[in-house]
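FYI, side chains are in, hydrogens and waters are out, and symmetry mates aren't considered; it's all heavy atoms of this structure.
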Amino acid sequence: MPVLREGAPGKGSVLLALRYYGRELAGNRRLAVPGMLLPALGNVGINYLAPLVVAKLVGRIADGSGPLRLATTLPYVLAFAGVLLLAEALWRLGMHCLNRVAAHGMERLYATGMDELFAKDTAFFHDNFAGALTKRVIGFAARFEEFCDTLTFSVLGSLVPLVFGSVVLWTYDPLFVVGLLAMITMTGVCVFPLIRRRQMLVREREEAVAHVSGHVADSLMNIDTVRAFAAEEREAAEHRSRVARQRRLTLRSWDYGNLRIDTLVAPLSVLTNVIGLLLAVTLGGDSHGVEAVVVAFTYYSNATRIMFEFNQIYRRLERAMTEAAQFTELLLKPPTVLDPAAPEALVAAPADVRFERVHFTHAGAQPLFRGLDLDVPSGTRIGLVGRSGGGKTTLTRLLLRMSDIDGGRILIGGQDISRLRQTDLRGLIAYVPQDPAMFHRSLRDNIAFARPDACEADIRRAAEAAHVTEFADGLPEGFDTLVGERGIKLSGGQRQRVALARAILRDAPVLLLDEATSALDSESELLVQEALWRLMEGRTALVVAHRLSTVATMDRLVVLDHGRIVEQGRHEELLAAQGAYAKLWAHQSGGFLDETMDGADGSAEGVGLR
């Protein structure tokens with residue numbers, strides 16, 4: 001089962017998320033700069049410049065220096081209208097740019113997220129829920145929009161107007177600016193420790209949210225098992241328990257912001273407005289009259305909104321960065337299976353396979369292979385047999401380089417597979433696992449996945465060779481039928497036939513079959529085996545089988561026991577030797593190994609990871 005790794009992201013992952021987001025903004029700065037600045041300038045016009053025009057008009061009226069005429073007031077009215085129209089235009093133009101920054105940035109981050117996940121090795125996906133990974137990669141890209149909006153409308157949208165307002169107030173009296181900045185600074189100093197405390201609460205809340213989503217994904221992916229064991233009520237109770245914990249932590253973080261932070265900011269904002277009014281009356285009233293009073297009071301009132309938004313701004317940035325960091329946290333540990341810095345080019349050569357002094361240990365288990373040697377000449381068909389935990393499936397996965405060996409070499413065509421690009425290596429191999437997974441796509445798409453450029457005729461021939469057409473032609477939509485998530489609409493035998501059709505269509509020089517016919521009935525198996533024998537002609541084939549009868553006619557059989565090759569040879573030779581293979585053959589019942597004979601070496605294979 002995957003391990004729950006849903007804790008709060010650390011500082012390193014937050015910084016990495018900021019680096020990704022910053023790179024997107026820097027890479028699109030021609031649109032990002034105007035997209036972020038123009039709305040802030042629009043705020044200057046609406047909240048500071050337009051009130052300044054009104055204040056000057058009020059001051060002109062209050063001055064009483066002459067009769068109020070249309071010619072006197074019209075310039076102020078036109079200026080007021082012009083400022084508002086200009087501000088609106090700046091907003092619209094800025095939004096036009098910002099929309100493109102966010103949309104293109106999200107597109108690239110979605111692609112980056114999937115590229116980073118595809119670069120991970122197989123063990124990574126065994127340790128993480130698919131649902132949790134989906135949530136994280138989507139949040140990584142989607143939160144970029146909120147990040148941009150917060151920087152634009154809350155940070156720059158507050159700072160740029162504040163700077164403008166401070167400059168204007170300075171022209172009336174520097175004490176206006178001193179009083180305003182002093183109150184904003186004092187509020188920030190008082191609120192910041194509380195925000196840091198709330199950050200811890202938010203992290204606990206996000207951890208609870210991730211635990212809920214991980215459990216939902218795990219339960220839904222295993223819904224058949226849940227129903228088979230009548231565990232709906234038990235899983236629902238577990239879900240309710242996790243949701244209740246999420247609710248408690250959510251309310252705790254919300255209440256802390258409302259009852260602690262906002263309760264502190266409210267009196268400070270009132271005090272700021274009072275100070276602004278007193279300064280306006282005492283300082284501005286004498287030297288600049290009503291105009292200064294209106295300007296100072298309006299600017300102080302606008303500035304107090306910034307104080308109230310300290311918590312909101314931090315909350316929005318924190319939410320965006322927390323979700324993004326939940327994904328980048330996965331990137332802090334690099335994948336263990338990497339392409340070489342200077343990969344070798346594939347050389348056209350016979351597809352012989354060699355394991356030379358291979359050492360390998362599953363994570364957290366005892367060593368499995370200790371200096372394993374195995375030579376498979378090109379075009380040779382070998383069967384890998386033995387009790388569970390012997391290392392049969394592990395050999396095939398090492399050849400695919402799903403994991404890296406701890407020592408020795410594995411070669412195909414004389415080339416060390418660790419020196420090849422993983423894409424080039426796997427292009428040489430057609431693989432059929434014991435439990436083939438299907439995409440939630442059409443039957444045709446699932447077969448063509450092995451070779452996307454294949455024509456319809458090639459897909460059809462592969463399907464016929466694997467006896468897929470026997471059931472596909474009877475489906476309501478034929479090859480266009482959707483097979484469901486992980487191929488749930490198909491039986492186990494049908495999924496194996498589709499996987500075999502993929503291998504046939506792949507047409508690769510090396511063929512790996514891991515119990516490829518175990519889910520077929522006897523009649524279907526005979527038909528499919530005929531197709532497999534045709535497929536193996538001229539190819540190097542490694543076939544894992546518990547059912548010894550399926551590999552008895554192979555060119556050579558290799559008997560593995562606890563990671564060691566204890567015997568190898570043809571079926572008749574091994575029976576005559578009266579060794580390990582002969583004992584396995586004798587213990588078969590109906591063509592299957594008697595699993596009660598399995599050893600227990602404590603290795604990962606012994607617990608089902610063959």
Side-chain angles (χ1 to χ4, degrees), residues 122 337 339-340 343-358 360 369 372-385 391-405 408-434 436 449-454 458 461-462 465-466 499-517 528-545 550-551 553-558 560 565 568-570:
T122 305
V337 180
D339 284 336
E344 294 180 2
L346 278 177
V347 177
D352 57 299
V353 174
R354 292 206 310 276
F355 293 79
E356 296 182 350
R357 307 299 300 167
V358 169
F360 179 74
F369 297 132
L372 178 89
D373 287 306
L374 178 62
D375 186 13
V376 185
S378 178
T380 301
R381 299 164 296 187
I382 70 166
L384 300 174
V385 300
K392 304 180 294 298
T393 294
T394 300
L395 274 183
T396 65
R397 295 181 67 80
L398 291 178
L399 185 57
L400 283 163
R401 209 173 165 224
M402 298 296 189
S403 300
D404 270 339
I405 57 178
R409 295 194 307 168
I410 302 176
L411 301 97
I412 294 183
Q415 292 185 276
D416 189 335
I417 66 171
S418 66
R419 303 297 305 160
L420 300 174
R421 292 175 63 242
Q422 295 175 67
T423 301
D424 291 340
L425 165 66
R426 291 163 190 159
L428 297 172
I429 300 170
Y431 176 54
V432 182
Q434 180 176 3
F449 192 80
R451 209 176 82 215
D453 60 344
D458 289 339
R461 277 193 294 270
L500 289 170
R502 280 182 189 163
I504 294 169
L505 186 65
R506 183 73 162 176
D507 195 24
V510 177
L511 182 63
L512 299 182
L513 304 177
D514 186 2
E515 290 290 332
T517 61
V528 170
Q529 279 189 341
E530 292 177 5
L532 286 177
W533 280 110
R534 290 195 298 270
L535 176 61
M536 289 184 212
E537 290 178 2
R539 290 178 171 83
T540 305
L542 285 79
V543 182
V544 175
T550 62
V551 293
T553 54
M554 292 287 174
D555 298 327
R556 180 159 44 112
L557 300 178
V558 176
L560 287 164
I565 297 178
Q568 53 182 318
R570 295 183 64 84

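The heavy-atom pair separating S403 from V337 by the smallest distance is CA-CG2, 4.0 Å. Across every non-hydrogen atom of A499 and P436, the tightest pair is CB-CB, 3.5 Å. Scanning both residues, T550 and A545, for their nearest heavy atoms gives OG1-CB, 3.4 Å. Residues W533 and T553 share a closest heavy-atom pair of CZ2-OG1, 2.8 Å.
With sequence neighbours excluded, no residue satisfies side chain to side chain donor-acceptor pair (under 3.5 Å) with T380. Residues forming a side chain to side chain contact (heavy atoms under 4.5 Å, CB included) with A503 (at least two apart in sequence, or on another chain): A430, V432, L511, L535. With sequence neighbours left out, R421 forms a side chain to side chain donor-acceptor pair (under 3.5 Å) with D424. Under the rule for a side chain to side chain donor-acceptor pair (under 3.5 Å), R506 has no partner lying at least two apart in sequence or in another chain. Under the side chain to side chain donor-acceptor pair (under 3.5 Å) criterion, R451 pairs with D458, not counting sequence neighbours.
Between the side chain of Q415 and the main chain of L346, no donor-acceptor pair closer than 3.5 Å is present.
A side-chain donor-acceptor contact under 3.5 Å links R426 and Q422. No side-chain donor-acceptor contact under 3.5 Å links T396 and D514.
Expressed to the nearest 0.5 Å, how far NZ of K392 lies from CG of L542 amounts to 13.0 Å. Taking CG of L384 as the start and CG of L557 as the end, the distance is 9.0 Å to the nearest 0.5 Å. The distance from atom CG of L428 to atom CG of L420, rounded to the nearest 0.5 Å, is 7.5 Å. To the nearest 0.5 Å, the span separating CZ on F355 from CG on L411 amounts to 10.0 Å. Rounding to the nearest 0.5 angstrom, the gap separating the CZ atom in R409 from the CZ atom in R419 is 11.5 Å. In this structure, CE on M536 lies 9.5 Å from CG on D555, to the nearest 0.5 angstrom.
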* To do: Just do the side chain to side chain contact (heavy atoms under 4.5 Å, CB included) check on F369 and L395 with the steps written out, would you?
  => CA-CA 9 Å; F369 297 132; L395 274 183; 3.8 Å; yes

* How far apart are the C-alpha atoms of L560 and I565, what are their side-chain angles, what is the distance that settles it, and do they pass the side chain to side chain contact (heavy atoms under 4.5 Å, CB included) test? -> CA-CA 5 Å; L560 287 164; I565 297 178; 3.6 Å; yes

* To do: Let me see the working for D416 and I410 under side chain to side chain contact (heavy atoms under 4.5 Å, CB included), right down to the final yes or no.
  => CA-CA 6 Å; D416 189 335; I410 302 176; 5.6 Å; no

* To do: With side chain to side chain contact (heavy atoms under 4.5 Å, CB included) as the test, would you mind laying out the steps for I412 and I429 before giving the verdict?
  => CA-CA 10 Å; I412 294 183; I429 300 170; 4.2 Å; yes

Could you give the side-chain donor-acceptor pairs of residues 372-379 under 3.5 Å, partners two or more places apart or in another chain?
{"unit_1": "D373", "atom_1": "OD1", "unit_2": "R357", "atom_2": "N", "d": "2.8"}
{"unit_1": "D373", "atom_1": "OD2", "unit_2": "R357", "atom_2": "NH1", "d": "3.4"}
{"unit_1": "S378", "atom_1": "OG", "unit_2": "A351", "atom_2": "N", "d": "3.2"}

